[in-house]
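Working notes, beginning with the structure itself.
Numbers here are sequence positions counted from 1. The structure displayed is predicted, hence computed values, not measured ones. These numbers come from the heavy atoms of this one structure, side chains and all, not from hydrogens, waters or symmetry mates.
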Amino acid sequence: QVQLVESGGGLVQAGGSLRLSCSASGVTFGSYAMAWFRQAPGKEREFVAAINRSGSMTYYTDSVKGRFTISRDNAKNTVYLQMVRLKPEDTAVYYCATSGSAIVAAQGRGIGDWGQGTQVTVSS
């Protein structure tokens, strides 16, 4: 059974930084692309970032380019999302997900399993 567990969320002031982690079990981690999505109150879940199986290709939604960095450690079965220069509009529950393809995940499609989410709150 696939299990994705996010951690690292919290409350931070605007301009601050957080690093989210997503630990995977029950899955051959290196066989999957990984992605981060987020859902703000009253809004639909949206794509944030994706990374291919080897970590050589990454994709980002425009609003986070230059501020967020997705990375992975296949030896640790973990994907990360480093977030800097956070803004109040980044406030959301952040979810990690598995996918067969990073570029397909970047289109909001082809998602396999979801984590339970971690709350990120950015105060102004």
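Qualifying side-chain hydrogen bond (donor to acceptor under 3.5 Å, both in side chains) partners for Lys43, counting only residues two or more places apart in sequence or in other chains: none. Residues passing the side-chain contact (heavy atoms from CB on, under 4.5 Å) test with Arg109 are Val104, Gln107, sequence neighbours excluded. Applying the ring pair (Phe, Tyr, Trp, His ring centres under 6.0 Å) rule to Phe37 yields the partners Phe47, Trp114; only residues at least two apart in sequence or on another chain are considered. Scanning for salt bridge (charged side-chain N to carboxylate O under 4.0 Å, His left out) contacts around Glu46 gives Arg38, with sequence neighbours left out. Every residue was checked against the side-chain hydrogen bond (donor to acceptor under 3.5 Å, both in side chains) condition with Ser25, not counting sequence neighbours, and none meets it. In this structure, the side-chain hydrogen bond (donor to acceptor under 3.5 Å, both in side chains) partners of Gln119, at least two apart in sequence or on a different chain, are Thr121.
Put simply, the side chain of Asn74 never gets that close to the backbone of Gly30: no donor and acceptor are under 3.5 Å apart. Checked by atom type and distance alone, the side chain of Ser99 never pairs as donor or acceptor with a backbone atom of Ile111 at under 3.5 Å.
The distance from the NZ atom of Lys87 to the OG atom of Ser63 is 7.5 Å, given to the nearest 0.5 Å.
Residues Gly55 and Asn52 come closest through the heavy atom pair N-OD1, 2.9 Å. Here the closest heavy-atom approach between residue Val64 and residue Val48 is recorded as CG2-O, 3.8 Å. Contact record, Ala102 with Ala33: N-CB, 3.4 Å, taken as the closest heavy-atom pair.
Pairs of residues two or more places apart, or lying in two chains, that qualify as salt bridge (charged side-chain N to carboxylate O under 4.0 Å, His left out) and include a residue from residues 53-64 are Asp62-Lys65. Within the structure, no pair that satisfies the ring-ring contact (aromatic ring centres under 6.0 Å, His included) test touches residues 74-110, not counting sequence neighbours. Residue pairs satisfying the ring-ring contact (aromatic ring centres under 6.0 Å, His included) criterion with at least one member in residues 10-29, sequence neighbours excluded, are absent. Among residues at least two apart or in separate chains, there is no ring-ring contact (aromatic ring centres under 6.0 Å, His included) pair with a member in residues 49-71. Applying the salt bridge (charged side-chain N to carboxylate O under 4.0 Å, His left out) test to residues at least two apart or on different chains, none of the pairs has a partner in residues 72-81.
One hydrophobic cluster, built from ILVMFWY side chains closer than 4.5 Å, holds both Tyr32 and Val2. Val84 and Leu86 fall into different hydrophobic clusters, where Ile, Leu, Val, Met, Phe, Trp and Tyr side chains are chained together by heavy-atom contacts under 4.5 Å.
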**OP:** Under the side-chain contact (heavy atoms from CB on, under 4.5 Å) rule, what do Val79 and Ile51 come out as? Steps first, then yes or no, please.
**Re:** CA-CA 9 Å; Val79 61; Ile51 188 167; 4.2 Å; yes

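Residues Met83 and Asp90 have side chains not in contact (no heavy-atom distance under 4.5 Å, counting atoms from C-beta outward).
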Review item, side-chain donor-acceptor pairs of residues 3-24, under 3.5 Å, at least two apart:
unit_1 : atom_1 : unit_2 : atom_2 : d
Glu6   : OE1    : Gln116 : N      : 3.0
Glu6   : OE1    : Gln116 : NE2    : 3.3
Glu6   : OE1    : Gly117 : N      : 2.9
Glu6   : OE2    : Cys96  : N      : 2.8
Glu6   : OE2    : Gly117 : N      : 3.3

